[in-house]
Each structure stands twice: as C-alpha cells, then as structure tokens.
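Note: hydrogens, waters and symmetry copies are ignored here, and every other heavy atom, side chains too, is used. Both counts, for ligands and for their atoms, begin at 1 and track the order of listing. Fair warning: this is a prediction, and the values are worked out from it, not measured in the lab.
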Amino acid sequence: MCGIIGYIGRREAAPLLLNGLKRLEYRGYDSAGMAVLNGSMKMLKKKGSVSNLEELLNVSGTVMLGATVGIAHTRWATHGDPSDRNAHPHMNVSDDIALIHNGIIENYSTLKQELMAEGYEFESDTDSEVLVHLIDRIWKNDLALGLEGSVRHALRHVDGAYGICVVSSREPDKIVVARKGSPLVIGLGDGEFFIASDAAPIVEHTNKVVYLSDGEMAVVTRDNYTVKTIENVEQQKRVTELDFSLEKIEKGGFEHFMLKEIFEQPEVMRDVMRGRVRVEEGLVQLGGIHDYLDRLKQAKRIVICACGTSWHAGLIGEYLIEEFARIPVEVDYASEFRYRNPIVSADDVVIVISQSGETADTLAALRLAKEKGAMVMGICNVVGSTIPRETLCGMYTHAGPEVGVASTKAFTAQVIVLFMLAMALSKGRTISHEEIRLNLRELADVPDKVARILEQNDAIKEIAVKLKDARNALYLGRGYNFPVALEGALKLKEISYIHAEGYPAAEMKHGPIALIDEDMPVIVIATRDNTYAKILSNIEEVRSRKGRVIAIASEGDREIERLTKDVIYIPQASAAVLPLLTVIPLQLLSYHVATLRGCNVDRPRNLAKSVTVE
Ligand code: M6R
C-alpha cells in the first residue's frame, strides 16, 4: 500500500526523502513524489518506480537544494489510474500547501462537488486531492486557524481512513500529520524528526519512535513535537525503542509476506467495504458499476472467468449470486473458455476476476467475450492494470499489494466484492430490504470474527506439525465451503509441495474414498449449516478407514470433538459469509506446514505471482 516519509531537521531533505522512499518500495506502489520547502514549495512527482523520480531529481533537483523540511510518498492507486498527475503530493491552487495521503476518503465525491461549485479546480482523479483544497478553503476563511487548525477542521468533514502529512510555505517550519485507520509513526532524532507510514525508512536514522493512535494529530517542528486528538486534547505519548531488523519491519514484523498478508485481512476486509456498505440502511454503493447496474440485473446469464484462486472466488460468487439475485451463473476457467468456442451473446454479462489484472488467459477470455458482444465487467486488485482498462465497468478489491505468490488477502477481498455485488443485484428484485440488511450485518461482522480466528495461530501451528510429513491430503467441504476446500488444497500444494485435492464432501464416495487410509489426512470443513449432519457422516466414513481428520467447525460444537481431536473453531456466522471465515485456518495451516518443511513460502518453486503467458 502507499508509503509516507516526512523529514524536518537540519540536513538536506530531498536525498533523505528519496532514500526513505526506496525503503518503502517493498510495500508496492505505482508512482512516487516529494515536496520540500526552501523559501517556497518545490514539488516533483512521477509515475513508475522511485528510480524514475530519482532521474527527475538528478535533472531538476537543484531547485530543492537547501530544503530541510519535506514530505514524500509512494502511491498505490485506489482512485484514478497510476499517472504523474495522480501521484502525491497534491497541492492547493496557490501552490503553498502540499499534502500526501494514505487511505481512502469515502465522501470525497460529495466534498469534491462542493469545492468545485466554489471554483476549486482539480488536477487529479484522486480522493486525496479534496483534502488539500478543503484545508485551503478553511484556512482562507479563518486565517487565525493556521495550518494545524485548518487541518483539524478539514478532518472533521472527512469520512474514511487517512494517514496524512501536510506542509505549507506559509508556516515553513512544521509538518502537520494525522491518522485514522492508516498507520503513522514519528521517528525522534537529534534535532530532527522523521514521519513515516512504518518504521522501515526511519530505522537507519533512529530507533526511538512514537506511534500515533487513530484520531490523533501531531505538529512536528525541528525541536519538538506535540500530539493532540483531532478534538484538540493534548496527549502524552510513550516513546518506543525499535529492536527489529529492517527486513522484519518491511514484513510488518512477520517472518514472511504471506503471513503478514494473512494477518492483514481484518483491516483489508474493512477497506474493501469502506464507503460501499451501509448496514443500517441496507445499502450497497458500488461506484464502479453504478451506471451499469440495471443492465447487470437484466442479464440472462452471468459467466465468471478467472484462474487459480480467483476462479475459486468466482465459484463462491456463483453460489452468492444464484442464491440471492436468482440470476443463472456459470464459472469457467479462463483458459478453457477462451478455446472452447463458448456460447456467449449480448444478453450475457461476463465477469473476469483477477488479482493482478494481467493474467494472460483471463485477459484473452475478456477479449473473446467482448468480441462476442457480451458486457464485460472486471473485479481486480491492481488499479490501472490491463484488465480494468479493457472492461466496460468493474470494481477494485482495494486489498493493497499482495507480495506473497500464494494469494490470501486478495481472495477474501474478491469474495467480499462478489458478496456486495450479489446484494446490489438482489436489491429491489429478489430479496427484501430486511434480508439485505441482515446479510450486510453478517458481512460487516466478518473482520472482527477473522481477527478472532487469527488468535488461534499457535494452535493451528500445532496441528500443522501433524500434517507436515504427509504426502497427500484431501480437503472436503459442501455448499459455500466447497470452493474453500478447493482453495485450501491449492494453498497447501503450491507452498508446501504436498499433493492435495479438494472435493465436495459428498463426492468422496464416488472415488476419492479409495485413497483413504492412515496416511491420508482429510481436512473437513464441518460448520453448522444445512449440510452439517451429512458432513459428520463423511467424517465417520473417513474414520472407519483410519483416515486422520482435521476439522474446521463452528464455535460451541462439542459433537465434533467426539470424532477428532484436531478441531479449529470459527465463530458462528450465516452460511453465505462462511467462506470468509473457514478459509483463514486453511491459509494458516498451509503456511505453517510449508515453513515447517523449510519451503520458501513467499516464492514457491515454479510459480509466478502474475501469469502473463499461456
Ligand atoms: O492475478 P490473478 O488473480 O489473475 O491470478 C490467478 C492465479 O494465477 C492465481 O490466483 C494463482 O492461482 C495463485 N498462485 C494462487 O495462490
């Protein structure tokens, strides 16, 4: 996700900021920029890598000489394509306030309209730019507020998540920062301070840091810093001493990116829903498809095309859309769809799902569907990638960069997007307002429930010890949990190299049961839903053939303990949101099995993060 670095002190700011940006590169980004103050504001920003910005600095950087205060940013696009003009910092019209922002401003569109009505001109498509104009407007209307007061007042108008740094040539000896939902840390040097989105760019300068909490602001000068709440109440902050290595900080303190990404899921899930789900009103607002929703609702059929994990998300989408919106759905491997001369017409909607937005087979399926006249919609994570550029409409998953080759947070983000889509397609047609509200309540409760599952990490690791020497594994699930069984098996095979297969539990007796003996671990998703009794029978069948069972069960289920000692509990939830919960222990199980076997979980052999060739 986006990265922030700010500096105020006595040294040249630009090279320090550039170095800080390099330290933030691991987070993934699509453009970079910086603004410094040396009498007036100087700003440079560029699409692409930090080295592009460095080249620009080499050519035009002399204008930045002498500046000892500045802010810099690596952007990961959420609103507006990766481009020079969408890169941060953003400036006000008189070029004397510059701002960088991590997070999402949910009500940016309303604020933007208000500001435009007053004559403010926007240079970018970002949500972030509204903030700088808002600060400008507030400051102009009440000069006594100064930079700090204007930022404080502006933030009162904002819904959403932010970590911001703001500088102004009108008050050149300070940086004003604020956080809500997006981390910010202040590094305390000797006569200098650093501000950053994580400790990675700070650790080489100082190991003393202060972490801002949500709802706090700080004013940082060369000699001091003060922290207050956004309501202007002064806060006493504890200074923390960092004792991590840079490598560990880059992974958020985790051993691997995959584990970090698994643990990010509660936060990512909230980001996916941010500004889109209004539970009490039973409302889902999906900006990217808003203008096409009626056409989507009228589709005779929806065809979902994807590969790998995204295909599994598509299967869950099929269950959701058919159950709630009652539109027939087919899910195809993109690689099959593109070569089997499928029947597709203008009455169909084809949804392509891809984390990277660059998968060759998915892209080819998209192009074929377009050729055949279907309306094509995308669900992608990487903003501005090829798939969203070629689809008529779509939704971004907002999961942030996924570095681990094994997809985890992108999968759960895709499922949430499909859930929201199913609700939007059902509204006013197939289910009542109250049912939508209840479903959205269930969805909104998922992040907290996922956080509770993650607390069982150590217990899951103990179960992984029992699985680590297996040569094969079978994953069983039914209903919404069948695609999760497929995903669990894929996770295990791709990172631990143990052969694993996923099956709908009832299919076991049609073949796979022949494989079961004491050497075959069977991971059964046995949550309390309408197929629970049948799944218990499957477990009995496995046990009577001496198969070892690991169960994923609902909290409070004591019956399951009669059948196996290895049970991972997940909180109670409605069937439609279960995949978002049951997949979490399976991700952790695969991760631990793989690390216990000494595998490189972030870069498994023979696999690429983005499969751009056939
Ligand atoms: O970027 P995409 O979602 O289009 O990628 C599709 C698959 O290549 C991807 O999901 C792959 O299966 C992952 N390694 C799964 O963890």
Side-chain angles (χ1 to χ4, degrees), residues 28 256-262 265 268 272 304-317 331-338 350-367 369 376-391 394-418 475 483-498 500-502 579 583-584 586-591 593-594 599-614:
H256 297 98
F257 281 108
M258 182 183 175
L259 192 61
K260 170 177 172 271
E261 286 157 8
I262 291 172
Q265 287 176 108
V268 165
V272 185
I304 299 180
C305 289
C307 303
T309 289
S310 298
W311 184 78
H312 297 153
L315 284 180
I316 297 169
V331 187
D332 231 335
Y333 284 113
S335 54
E336 287 300 307
F337 180 87
R338 64 181 289 196
V350 173
I351 302 179
V352 287
I353 307 177
S354 172
Q355 186 287 128
S356 60
E358 302 293 351
T359 302
D361 284 323
T362 313
L363 192 54
L366 178 173
R367 288 175 179 157
V376 183
M377 176 193 143
I379 296 177
C380 282
N381 195 38
V382 180
V383 175
S385 55
T386 311
I387 290 177
R389 286 207 308 270
E390 295 200 14
T391 42
M395 282 181 281
Y396 284 115
T397 45
H398 295 327
E402 195 177 59
V403 179
V405 165
S407 187
T408 52
K409 62 175 183 170
F411 170 75
T412 44
Q414 289 165 345
V415 175
I416 292 180
V417 166
L418 287 159
Y475 284 70
V484 178
L486 297 180
E487 175 60 8
L490 177 66
K491 284 290 87 84
L492 188 73
K493 68 184 124 187
E494 68 182 336
I495 60 168
S496 75
Y497 319 136
I498 295 174
E501 295 300 331
V583 77
I584 308 294
L586 301 188
Q587 295 170 345
L588 284 171
L589 200 58
S590 306
Y591 169 81
V593 169
C599 302
N600 182 348
V601 288
D602 284 335
R603 295 205 178 281
R605 69 187 183 202
N606 308 338
L607 290 176
K609 182 67 189 158
S610 176
V611 185
T612 53
V613 289
E614 273 196 67

Could you pull out, from N381, L363, V611, the option with a heavy atom nearest to atom 8 (O) of ligand 1?
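Residue with the shortest heavy-atom distance to the ligand atom: V611.
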
Numbering as shown, the atoms of ligand 1 that approach [X] to under 4.0 Å (heavy-atom distance):
X: S310; value: 2 (P), 3 (O), 10 (O)
X: V405; value: 13 (C), 14 (N), 16 (O)
X: A406; value: 16 (O)
X: S356; value: 1 (O), 2 (P), 4 (O)
X: Q355; value: 1 (O), 2 (P), 3 (O), 4 (O)
X: T359; value: 1 (O), 2 (P), 4 (O), 5 (O)
X: G308; value: 10 (O), 12 (O)
X: S354; value: 1 (O), 2 (P), 3 (O), 4 (O)

Hey, does L607 sit under 4.0 Å from ligand 1 if you only count heavy atoms?
no

Check for me whether E358 has a heavy atom closer than 4.0 Å to any atom of ligand 1.
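In this structure, E358 fails to qualify as a contact of ligand 1 - no heavy atom is under 4.0 Å.
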
May I ask you to say whether E402 pairs ionically with K409, meaning some side-chain N is under 4.0 Å from a carboxylate O?
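No, E402 and K409 are not salt-bridged.
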
Of N381, L418, T362, which meets side-chain contact (heavy atoms from CB on, under 4.5 Å) against I353?
L418

Should the ring pair H256 and Y591 be called parallel, tilted or perpendicular, given that the plane angle runs from 0 to 90° and is split at 30 and 60?
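H256 vs Y591 ring planes: perpendicular.
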
Side-chain contact test, heavy atoms from C-beta onward, threshold under 4.5 Å: evaluate it for Y497 versus P604 and give yes or no.
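Sidechains of P604 and Y497: in contact.
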
Is there a side-chain contact between L366 and V350, using heavy atoms and a 4.5 Å cut-off?
no

Could you tell me the residue and atom name of the protein heavy atom closest to atom 7 (C) of ligand 1, and the distance to it rounded to 0.1 Å?
C307 O, 3.7 Å

Protein heavy-atom partner closest to atom 14 (N) of ligand 1 - residue, atom, separation in Å
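Heavy-atom neighbour on the protein nearest atom 14 (N) of ligand 1: E494 OE1, 2.9 Å.
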
Using atom types as modelled and distance alone, determine if a side-chain donor or acceptor of [X] lies under 3.5 Å from a backbone N or O of [Y].
X: Y475; Y: L492; answer: no
X: K491; Y: S407; answer: yes
X: K493; Y: A500; answer: yes

If you measure every N/O of T309 against every N/O of ligand 1, is any gap under 3.5 Å?
yes

T362 N/O to ligand 1 N/O under 3.5 Å
no

Check step by step if side chain to side chain contact (heavy atoms under 4.5 Å, CB included) holds for D602 and V403.
CA-CA 7 Å; D602 284 335; V403 179; 6.0 Å; no

The single option from Q355, Q414, E487 passing side-chain hydrogen bond (donor to acceptor under 3.5 Å, both in side chains) against T309:
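When Q355, Q414, E487 are each tested with T309, the side-chain hydrogen bond (donor to acceptor under 3.5 Å, both in side chains) holds only for E487.
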
